[in-house]
Amino acid sequence: MEQKEAEARDAQFAFVAEMNSSHSAGEFAEVLFRGGGDDLRLLDQLLDALESRKALELLFADEPSGESVTSTELRRYVRRRHR
């Protein structure tokens, strides 16, 4: 069962990365970031998937309103871990 869950999670992370949507990637990353604990491990896996597809910049984009798609705290976390 764990193997299937891992494969499903990898597919989900790949899907988020391939969507090329800063809003979707940012929302998903924020949910994992705010969850803490095990969710941070999942966040790191998502960040790895984004990085492998050269899509980390999605998390640093701005909404049309000028507001960032991710929180300052999440952007700091990403910079520390993946840049």
Side-chain angles (χ1 to χ4, degrees):
M1 182 74 134
E2 285 184 32
Q3 179 65 27
K4 284 186 178 187
E5 289 175 359
E7 289 172 3
R9 190 172 44 249
D10 289 345
Q12 183 179 24
F13 292 161
F15 177 73
V16 169
E18 292 295 327
M19 282 177 34
N20 201 29
S21 165
S22 58
H23 182 77
S24 297
E27 288 288 321
F28 192 51
E30 282 290 347
V31 167
L32 294 174
F33 181 68
R34 298 210 183 284
D38 286 341
D39 286 350
L40 287 179
R41 181 181 53 81
L42 296 174
L43 174 60
D44 283 335
Q45 290 175 1
L46 171 64
L47 296 176
D48 289 342
L50 290 169
E51 185 174 49
S52 73
R53 289 165 178 79
K54 309 278 189 258
L56 268 179
E57 71 275 356
L58 292 174
L59 301 179
F60 294 90
D62 291 332
E63 296 282 3
S65 66
E67 187 176 334
S68 179
V69 297
T70 55
S71 66
T72 301
E73 295 84 7
L74 175 58
R75 290 191 309 274
R76 258 190 233 127
Y77 181 86
V78 172
R79 283 187 190 105
R80 270 197 320 268
R81 301 278 180 141
H82 292 276
R83 283 204 167 182

- [ ] Look only at the side chain of R41 and the backbone of G37, and say whether a donor-acceptor pair between them is shorter than 3.5 Å.
- [x] no

Open item on the list: Is it the case that atom CD in E7 sees more than 12 heavy atoms from other parts of the structure closer than 6.0 Å?
Closed with: yes

Open item on the list: Restricting to side chain to side chain contact (heavy atoms under 4.5 Å, CB included), what partner residues turn up for S21, sequence neighbours left out?
Closed with: M19, H23, S24

Task: Rounded distance [0.5 Å steps], CG in D39 versus CZ in R34 - done: 12.5 Å

Task: Distance in Å, Q45 CD paired with D10 CG, rounded so as to fall on 0.5 Å steps - done: 6.5 Å

TODO: Report the distance from atom OG of S71 to atom CZ of R76, rounding to the nearest 0.5 Å.
DONE: 8.5 Å

TODO: Ignoring hydrogens and angles, state whether a donor on the side chain of T70 or E30 is under 3.5 Å from an acceptor on the partner side chain.
DONE: no

Task: Those residues that, when tested against D48, pass side chain to side chain contact (heavy atoms under 4.5 Å, CB included) (two or more places apart) - done: E51, H82

Task: Minimum heavy-atom distance between A55 and A17, given as atom pair plus value - done: CB-O, 4.3 Å

TODO: Report yes if the side chains of V16 and L46 come closer than 4.5 Å at any heavy-atom pair, otherwise no.
DONE: yes

Task: From CG (L56) to CZ (R75), nearest 0.5 Å - done: 13.5 Å

- [ ] Establish whether L59 and V69 are linked, either directly or via other cluster members, by ILVMFWY side-chain heavy-atom contacts under 4.5 Å.
- [x] no

Task: Heavy-atom check, side chain of E18 versus side chain of F13, under 4.5 Å - done: no

Task: R9 CZ to K4 NZ distance, which is reported to the nearest 0.5 Å - done: 15.0 Å

Task: CG on L50 to CG on L43, rounded to 0.5 Å - done: 9.0 Å

- [ ] Only pairs at least two apart or in different chains count here, so list each ring-ring contact (aromatic ring centres under 6.0 Å, His included) that has a residue in residues 30-49.
- [x] F33-Y77

Open item on the list: I need the minimum non-hydrogen distance between S68 and D62, along with the two atoms involved.
Closed with: CA-OD1, 3.5 Å

